[in-house]
Amino acid sequence: MHRLNVWLRRHPMVVDAAWAAIVLVFGLLPSESLTGWKFDAQIAIAVLLPALMVFRRRFPDVTVAAAALVGLGQVAVNIDPAASSIAYLVFAYTGAAFGRTWTSRLALAAGLAAGPLTFWLIHPTKTWVDTAGDVHSRGYNEGEAALIMLLMSTPFILCWAWGRLTRVRRAYLTELEDRAARLERERDAQAKVAVAAERARIARELHDVVAHNVSVMIVQADGAAYVLDNSPQQAKEALGTIASTGRQALVEMRRLLGVLRTADTAEEYVPQPGVEELPELLEQVRTAGLRVDYATSGHPRELPRGVELTVYRIVQEALTNVRKHGGPDVHARVAVDFGERELAVLVEDDGRGSTDEQLTAGGADGLGHGLIGMRERVGMVSGSLDVGPRPGGGFRIRAVLPLKTAH
């Protein structure tokens, strides 16, 4: 039954043809009240109206207008309504449900006029028998005639109203389908934006990991090559540092690439680094030959993971830039201040700093990921970033990250 219903919805002319065949059969029933040309005209009407019914949904405007003309012609030549006249109710519905605005108005006007025209055509009279057995008849008065005309027009008005409800319901369903399609497009667009944002985040993470660890490995490799002949023990220690740094880089890269896997497998990787891992980071930097002081103030406490990762990456990137561009014998200082409403991170050095061109480009790695990545990270947590030359020489980076006030 479901398949049949779907098939019939896709082929509405089949349904209309079936109803038209029923109307045709009843319209062609023999009538003894008409003879001659009126009988022929009634047969023509009985054939024409079902034929229009077959095409009513494909050509609603034409068929409704043609049916209205047929009805007026039937009244003009004084042919009484027959069984085929039920088709006029179908066209009242068709004009309201499928036709244009003028077709709907035409169907409404024809429905309102159907009662008075039919009453005028058939001239009904009241008939009664008196006590003596004589039959009497008379016409209806104005009030009675108005009531009869209203009753005759009511089926047409109801069919027209049904058609309007069908049109409104169809428009509502169409709007729902359009809205669903629009929401699906918006969801796909948001998914693409989310994917792009995730890729950008992974790119920043990979940049931080690669830039920091590879920088350490290069420094240690250069140092090992320099002291290999004169101090094999120092060279061995440098090679050990290179190996541990490489392993750490692999762990972090596996964690980052793990976000591309499913949620079940992502749990296999280590958590994202935070403020607690800063001493390990600084110790690694000191091992690479950079002198770094570290200080904290305020009341250290657990922070949101986004803020934790932002602090770690800012310090990591800043120290990487110090090693690259600070020059020889540079000294850096890292300070983290835990305030009541905000967290301040300061990284400064007494080296030669960055050039104006590097600041304008947004980073010091030649790819524009350095300071740009910092600004994006700080912006994601609604913080502020201040970068620039340090009074007295060197470079200074200060980030202020807002914290939620405890209640």
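Within the 4.5 Å cutoff, side-chain heavy atoms of H331 are placed close to those of D350. With a 4.5 Å cut-off on side-chain heavy atoms, R164 and L108 do not count as touching. The closest side-chain heavy-atom distance from R56 to V64 is not below 4.5 Å. Here the side chains of L401 and V311 are in contact, with some heavy-atom distance below 4.5 Å. Side-chain contact between Y312 and L278: present, with at least one pair of heavy atoms (C-beta onward) separated by less than 4.5 Å. Annotation: side chain of L319 is in contact with side chain of V334 (closest heavy-atom distance under 4.5 Å).
Across all their heavy atoms, A145 and F119 have their closest contact at CB-CZ, 3.6 Å. Nearest heavy-atom pair, Q74 versus P81, reported as atom, atom and distance to 0.1 Å: NE2-CA, 3.5 Å. Of all non-hydrogen atoms in V322 and A332, the two that sit nearest each other are CG1-CB, 4.4 Å. Taking both residues in full, the closest heavy atoms of D61 and R100 are given as OD1-N, 3.0 Å, listed atom of the first, atom of the second, then distance. Between A318 and M374, the shortest heavy-atom distance links the atoms N-CE, 3.5 Å. The minimum heavy-atom distance between L52 and A66, with the atom names listed, is CD1-CB, 3.9 Å.
A distance of 5.5 Å separates CD in Q316 from CG in L281, rounded to the nearest 0.5 Å. To the nearest 0.5 angstrom, F338 atom CZ is 5.5 Å from L303 atom CG. Atom CG of L309 and atom CD1 of I314 lie 9.5 Å apart (nearest 0.5 Å). The distance from the OG1 atom of T296 to the CG atom of D337 is 9.0 Å, given to the nearest 0.5 Å. Separation of atoms CZ (F39) and CD (Q42) is listed at 7.5 Å; rounding is to 0.5 Å. Expressed to the nearest 0.5 Å, how far CZ of R167 lies from CG of L165 amounts to 12.0 Å.
Using the six-membered ring where Trp is involved, Y93 and F98 have ring planes that are perpendicular, over 60° apart on the 30 and 60° scheme.
In this structure, L385 places its CG atom where more than 12 heavy-atom neighbours from other residues, nucleotides or ligands lie under 6.0 Å away. For CZ of R170, the number of neighbouring non-hydrogen atoms (other residues, nucleotides, ligands) closer than 6.0 Å is greater than 12. Surrounding OH of Y294 are more than 12 heavy atoms belonging to other residues, nucleotides or ligands, all under 6.0 Å away. Counted within 6.0 Å of CZ on R390, heavy atoms from surrounding residues, nucleotides or ligands total more than 12; the atom is thus considered enclosed. For D188, the CG atom is densely surrounded, since the number of other residues' heavy atoms within 6.0 Å is greater than 12.
Under the salt bridge (charged side-chain N to carboxylate O under 4.0 Å, His left out) criterion, the residue pairs touching residues 282-304 are E283-R286, with sequence neighbours excluded.
Of the possible polar contacts, none joining the T310 side chain to the V378 backbone as a donor-acceptor pair under 3.5 Å is found. Not one N or O on the side chain of W160 forms a donor-acceptor pair closer than 3.5 Å with the backbone of G95. Checking side-chain atoms of S104 against main-chain N and O of T101 turns up no donor-acceptor pair under 3.5 Å. A donor-acceptor pair under 3.5 Å links the side-chain atoms of E277 to the main chain of G274, judged by distance alone. Formation of a donor-acceptor pair under 3.5 Å by the S84 side chain with backbone atoms of G27 is not found in this model. Side-chain atoms of T63 come within 3.5 Å of backbone N or O of P60 as a donor-acceptor pair.
A salt bridge links D386 to R396: at least one charged side-chain nitrogen sits closer than 4.0 Å to a carboxylate oxygen.
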Between T94 and R57, is a side-chain contact (heavy atoms from CB on, under 4.5 Å) present by the stated rule, with each step listed? CA-CA 7 Å; T94 301; R57 276 192 265 198; 5.5 Å; no

Could you check V23 against L49 for side-chain contact (heavy atoms from CB on, under 4.5 Å), going step by step and ending with a plain yes or no? CA-CA 9 Å; V23 174; L49 291 179; 5.7 Å; no

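W19 meets the ring pair (Phe, Tyr, Trp, His ring centres under 6.0 Å) test with no other residue; sequence neighbours excluded.
Residues R187 and Q190 bring no donor and acceptor atom of their side chains to less than 3.5 Å of each other.
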